[in-house]
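Working notes, beginning with the structure itself.
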Amino acid sequence: MLGMVTMNLYLETYGCQMNVSDSQKIETLFGEEGYQLVSDFHQADLIIINTCSVREKPEQKVFSALGRYLPLKRQNSRLVVAVGGCVAQQWGARLQQKCSGLDIVFGTHAIDVLPAMVREVRNTCLPQLDTAFRSAIPSLDIIPRYAAGTLTAFVTIMQGCNNYCSYCIVPYVRGREYSRPSDSIIAEIRQLAKNGIREVILLGQNVNSYGLQTAGELNFPQLLARVNEIHGIERIRFTTSHPKDLSDELIAAFVELDHLCPQFHLPLQSGSDRILERMGRGYSTAEYFDKVERLRQVCPEIAFSSDMIIGFPGESAEDFQKTVDMIRRVRYDTVYSFKYSPRPGTRAVSFPDQVEEAVKKERLRIFQTLQDEITSKNLRKLEGTTQEILVNGPAKRGGDQWVGRTPTNQIVNFSSDENFTGQTMTVRITRALRHSLKGDIVQHG
Ligand code: SAH
Ligand code: SF4
Ligand code: F3S
């Protein structure tokens with residue numbers, strides 16, 4: 001473009017899929033401003049760090065990152081450094097007080113105004129801050145531009161959370177639950193399908209309560225039914241679901257909707273009812289397991305995954321044993337497990353009986369060893385079966401190796417002289433590896 005100088009953007013992202021999706025939007029916005037993405041921060045005119053504060057460890061990352069990037073401003077006066085996402089929302093102005101030279105702090109509702117903030121810094125050299133919560137979140141309607149050949153897209157359908165689980169900072173940093181109008185969600189997915197997207201992952205902190213607070217809006221199963229009708233979309237996934245809001249209608253959707261994948265991320269958090277109560281989760285393990293069973297009845301191949309917190313305040317050896325028993329019963333494909341991390345402002349920080357660090361560490365080790373065994377067992381069960389995989393593209397190690405995913409989202413590697421990217425093929429699973437499968441093509445198309 002005549003007169004347009006290309007500038008370099010270095011973008012670093014921590015945290016959940018919603019942050020990954022937000023970063024895709026940021027990249028798109030700055031693409032329109034004449035920025036191109038670079039992988040070497042030394043070349044950057046603009047550095048953006050999109051942060052996560054769900055546990056202390058990811059939160060700390062931003063400070064070591066700023067330790068790397070802020071000194072670069074001494075050699076490069078054009079360099080602008082911005083921090084966004086959940087840590088930015090949590091810390092606000094205190095982040096700029098603590099990290100001198102930090103140009104921009106933008107909160108989780110301020111993505112759409114970020115380009116204007118950068119321009120303002122370039123014009124005035126003054127630091128910028130925007131951590132206001134909006135009642136409707138404008139950035140939800142930004143449609144990321146995907147590279148040619150991209151098959152999978154995230155689509156945020158709601159943001160924020162009203163649940164206030166006692167350990168969790170998310171309601172404080174993402175704000176109150178807000179559902180994006182279904183019309184704009186459907187319009188986006190239609191557009192994506194036209195551009196070659198075949199799989200959508202609907203995102204929200206609690207997708208099950210989508211639309212419930214907006215008069216006249218579709219509920220989540222109704223939204224899924226609408227997405228299921230969109231020509232070109234072959235696979236629909238969603239995350240995250242709160243077990244207490246998992247409705248019969250949603251269970252039925254797994255029978256009725258042919259593009260809905262048999263995969264369910266259903267965070268349990270603990271296998272002890274006493275601990276669930278203290279977490280404020282609003283369900284018992286019996287209620288949870290009943291929902292799992294009913295989903296398995298209507299959809300026997302369905303794969304479950306979960307999040308688990310190990311060493312929540314008051315967790316006894318017996319409570320921990322109940323968590324272990326529960327993963328044996330549910331037989332999850334994957335569990336994202338972390339030690340409990342006290343978060344400022346949440347109720348659980350002030351719970352008296354905090355579990356010792358060494359105990360948390362040891363329980364986590366035991367837990368993860370067992371879950372690894374369950375994961376391997378589940379993978380081995382697929383040996384000899386045939387699976388419909390959507391081919392994502394060439395394997396990282398190249399050669400004649402390709403990668404696809406099963407409907408349950410397992411990775412399958414296979415060899416082929418032909419490029420079947422974007423196609424659905426039938427493969428026979430020949431071998432289970434630690435975290436993936438190997439297969440042979442049976443049929444394509
Ligand atoms: N809305 C989702 C979870 C979002 S946060 C849900 O309700 O399931 C993602 C995960 O981070 C949680 O499921 C929880 O397992 C973990 N997490 C949240 N706060 C935590 C804390 N203080 N310590 C350890 N893990 C935590
Ligand atoms: Fe956090 Fe609970 Fe809300 Fe999930 S439902 S985001 S764990 S407060
Ligand atoms: Fe982290 Fe914020 Fe997601 S705290 S897990 S990036 S909602």
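Every number for a ligand or one of its atoms is a count from 1 in the order of the listing. Only heavy atoms go into these numbers, but all of them, side chains included; no hydrogens, no water, no symmetry mates.
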- Task: Could you name all protein N, O or S atoms found under 2.8 Å from atom 2 (Fe) of ligand 3?
- Result: Cys86 SG

- Task: Run the contact test for Arg174 against ligand 2 with a 4.0 Å cut-off on heavy atoms, strictly below, and give the result.
- Result: no

Do [X] and [Y] have side-chain N/O donor and acceptor atoms under 3.5 Å apart?
| X | Y | result |
| --- | --- | --- |
| Gln371 | Ser337 | no |
| Asn50 | Asp22 | no |
| Asp333 | Ser305 | no |
| Tyr69 | Glu12 | yes |
| Thr408 | Thr406 | yes |

- Kindly indicate, with the supporting measurements, whether the criterion side-chain hydrogen bond (donor to acceptor under 3.5 Å, both in side chains) is fulfilled by Asp325 and Gln321. CA-CA 6 Å; Asp325 294 344; Gln321 187 55 44; 3.1 Å; yes

- Item | Derivation and outcome, side chain to side chain contact (heavy atoms under 4.5 Å, CB included), residues Tyr14 and Val87 | CA-CA 10 Å; Tyr14 315 133; Val87 178; over 6 Å; no

- Query: With a 4.0 Å cut-off on heavy atoms, is Gln205 touching ligand 3?
  - Reply: yes

- Message: More than 12 heavy atoms of other residues, nucleotides or ligands under 6.0 Å from CD of Glu277: yes or no?
- Response: no

- Item | Flag if over 12 foreign heavy atoms under 6.0 Å of CZ, Arg274 | yes

- Message: Walk me through whether Val330 and Leu268 qualify under side chain to side chain contact (heavy atoms under 4.5 Å, CB included).
- Response: CA-CA 10 Å; Val330 181; Leu268 172 65; 5.6 Å; no

- Without swapping roles, check the side chain of Arg405 against the backbone of Ile389 for a donor-acceptor pair under 3.5 Å. no

- Message: Can you list everything that forms a side-chain contact (heavy atoms from CB on, under 4.5 Å) with Arg134? Sequence neighbours excluded, please.
- Response: His109, Ala110, Val113, Asp130, Ala132, Pro138

- Gap separating the CE atom of Met18 from the OG1 atom of Thr108, nearest 0.5 angstrom: 9.5 Å

- Task: Look up atom NE2 in His265 and atom OG in Ser241, then write down how far apart they are to the nearest 0.5 Å.
- Result: 8.5 Å

- Number the atoms of ligand 2 from 1 as they appear, then name those within less than 4.0 Å of a heavy atom of Tyr167, with their elements. 7 (S)

- Message: Closer than 4.0 Å to some heavy atom of Arg281 - which atoms of ligand 2 meet that?
- Response: 2 (Fe), 5 (S), 7 (S)

- Note on the structure: Near atom 3 (Fe) of ligand 2 (protein N/O/S, cut-off 2.8 Å, waters excluded) we have Cys161 SG

- Query: Can you pull the residues with any heavy atom under 4.0 Å from ligand 1?
  - Reply: Val54, Arg55, Tyr167, Gln205, Thr240, Pro267, Gln269, Arg281, Asp307, Ile309, Lys339, Tyr340, Ser341, Arg343

- Whether Phe320 and Phe367 hold their rings parallel, tilted or perpendicular, with breakpoints at 30° and 60°: tilted

